[in-house]
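The block underneath contains the structure these notes are about, expressed in structure tokens.
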2 protein chains.
Amino acid sequence: MTVRQDVHSDDIPVLCQSCEARHRGVCGALDPDQLVALARSSSKHKVEPGAELMGDAEAIHSYSNVLSGVVKLTKTLSDGRQQIVGLQFAPDFLGRPLKAENVISAEAATAVSLCSFPKVTIERMMKESPGFERRLFSQALSELDEARGWMVTLGRKTASEKVATFLLMIARNIDPTRDPAVNFAAFDLPLTRADIADFLGLTIETVSRQLTRLRTDDVIRIENNRHVTVENLSRLERRSGA
Amino acid sequence: MTVRQDVHSDDIPVLCQSCEARHRGVCGALDPDQLVALARSSSKHKVEPGAELMGDAEAIHSYSNVLSGVVKLTKTLSDGRQQIVGLQFAPDFLGRPLKAENVISAEAATAVSLCSFPKVTIERMMKESPGFERRLFSQALSELDEARGWMVTLGRKTASEKVATFLLMIARNIDPTRDPAVNFAAFDLPLTRADIADFLGLTIETVSRQLTRLRTDDVIRIENNRHVTVENLSRLERRSGA
DNA sequence: AGCCAGCCTTGATCTCGGTCAATGCCGTAT
DNA sequence: ATACGGCATTGACCGAGATCAAGGCTGGCT
């Protein structure tokens, strides 16, 4: 019986199966013993769209892997204006290492399943396993690159470029059949129009108008307000403002 | 003779004296032997405002500590629209670990002095000294927090809130006499109006108009286009949109 | 089926910030 | 001292996107 089988046996929680399969998963860097220890302390949850993550005192002391669904990271000004500052897709890691406080709040955008670990366990593994810390470091740097990319979109792109850029990003992250060589994408939007507006620094109405324009220009099709089909990705790219 | 004296003796380059003195410096986490090795491979430069850093093939293979001055990190769209995605103040660390390519370019905003290290040396020390990697990790996370903070400013604040927010950030980073308890600040702007515009997602003219408004409302004084005095910081904070 | 609530779309109008253009200021070189 | 070049300010006007205000789908409920 191998350790991997141990990890996935019934008497201990399953350790985020996606971790070792996909690029940004965070557990692949652990050795078998650590993997078992981490799995023993882990717990899986499902939460509904709209649920506040890391909100209660409990969650503030834990980290999670996103197993499925989309989590939005938001910041809110005192008068209620809101900005989404990041989206976490499976198998991203959720939580802010090396600091207790967090001015960012996390909320489930869709139905989300999570695998949570106690903060102390993760922090011990960071110390014990340099590869694990490296992995977290690497994810933080990717998130930094992404955040800076969105700064350009927020600061310098027009409304229609913003919406096109957003759709391309979603296609890259969600479309299950996504193949970069192929000029086609289809996916369910994980965000409402209000969320998209909060992500792009626009209003609901502007997002809606830009989507209809893309629709009437035959760049995309939308069914049931959620399901988007991009027949011609390169035309969408041309509208995203490079 | 102590190692520290070695490091600062004349026959090898001085190792970023600021590193151990100020909070975000990156060399404080090294042990004495490593400090000497790093210092031996380091080289100091002074560059003029406007100089492209990391532009040439040489610089792409090195990391630097910013010893003085301000470096702007920019991203540019294909049609020339530009966005400043970060500012590095002394003693920040400059360079993108764990990845060869960098889509961000760095430029001296003011006169800048740098202490550069070969990429390979830094990467070896990251492996050898967990505290050093932790320090870089920690800076990356701070930069991520900052970037996300600016996303809110770019996406959700008005022009006048943006300018107020910018001035407060500069005061926090530059004002040599800065004391958080005191309701006053004075500093030289490290950026031109064009740079401020590229940072805030505005035009030169709007930046200028907002600065004159702050001036006529007696929130700030400006001498010689560069030197800013904030007599009443909390009034500026009230205009920054929380 | 029919109703209701929550999103989403569409239209009319307004406004903030962008654009275009002229002028002013300051530091440097002649 | 003057002239020049680069940055900054100011004004007049315009337009992209916000705001305000109706409706329209759609999915869940009785």
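Below, chain A is the first sequence line, B the second, and so on; all start at residue 1.
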>> Tell me whether B:R235 is salt-bridged to B:D217, with the criterion being a basic N under 4.0 Å from an acidic carboxylate O.
In response: no
> Which of these nucleotides, D:dT10, C:dT9, C:dG27, is closest to any side-chain atom of B:R215?
Replying inline: D:dT10
> Please give, in whole Å, the distance from D:dT10 P to B:N225 CG?
Replying inline: 10 Å
> Under the 6.0 Å and 45° cation-pi test, does B:K72 pair with B:F199?
Replying inline: no
> D:dT26 P sits how many Å from A:R226 CZ, rounded?
Replying inline: 14 Å
> Whole Å only: how far is the CD1 atom of B:I204 from the C1' atom of D:dT10?
Replying inline: 14 Å
>> Test your reading of the model: is there a side-chain donor-acceptor pair from A:D179 to the backbone of A:A181, 3.5 Å cut-off?
In response: yes
> What nucleotide, of C:dT9, D:dG11, C:dG27, holds the atom closest to the side chain of B:R209?
Replying inline: D:dG11
>> Side chain of B:N224 only, heavy atoms from C-beta on: which candidate in C:dG17, C:dG27, D:dG27 is closest?
In response: C:dG27
> So which nucleotide from C:dT19, D:dA8, C:dT10 ends up closest to the side chain of A:S208?
Replying inline: C:dT10
>> Side chain of B:T192, heavy atoms from C-beta onward: which of D:dA8, C:dT9, D:dG17 has the nearest atom to it?
In response: D:dA8
> How many Å lie between CG on A:D195 and P on C:dC7, as a whole number?
Replying inline: 10 Å
> Rounded to the Å, how far apart are B:L191 CG and D:dC7 P?
Replying inline: 14 Å
> Counting any heavy atom closer than 4.0 Å, what does A:T203 reach on the DNA or RNA strands: base, sugar-phosphate only, or nothing?
Replying inline: base
>> Measure CG/A:L200 against P/D:dG17 and give the value in whole Å, please.
In response: 12 Å
> Nearest-Å distance, CG (B:L211) to P (C:dG24)?
Replying inline: 21 Å
> Got a donor-acceptor contact below 3.5 angstrom from the B:N173 side chain to the B:I170 backbone?
Replying inline: no
> Contact class for B:L202 vs. all strands (heavy atom < 4.0 Å): base, sugar-phosphate, or nothing?
Replying inline: sugar-phosphate
>> Side chain of B:E205, heavy atoms from C-beta onward: which of D:dA18, C:dT9, D:dT10 has the nearest atom to it?
In response: D:dT10
> Within the distance-only criterion (no hydrogens, no angle test), does the side chain of A:R156 pair as donor or acceptor with the backbone N or O of B:Q82 below 3.5 angstrom?
Replying inline: yes
> Mapping A:R156 and A:I222 onto DNA chain C by nearest heavy atom, which one lands closer to the 5' end?
Replying inline: A:I222
> Starting at CD1 of B:I196 and ending at P of D:dA8, how long is that distance when rounded to a whole Å?
Replying inline: 8 Å
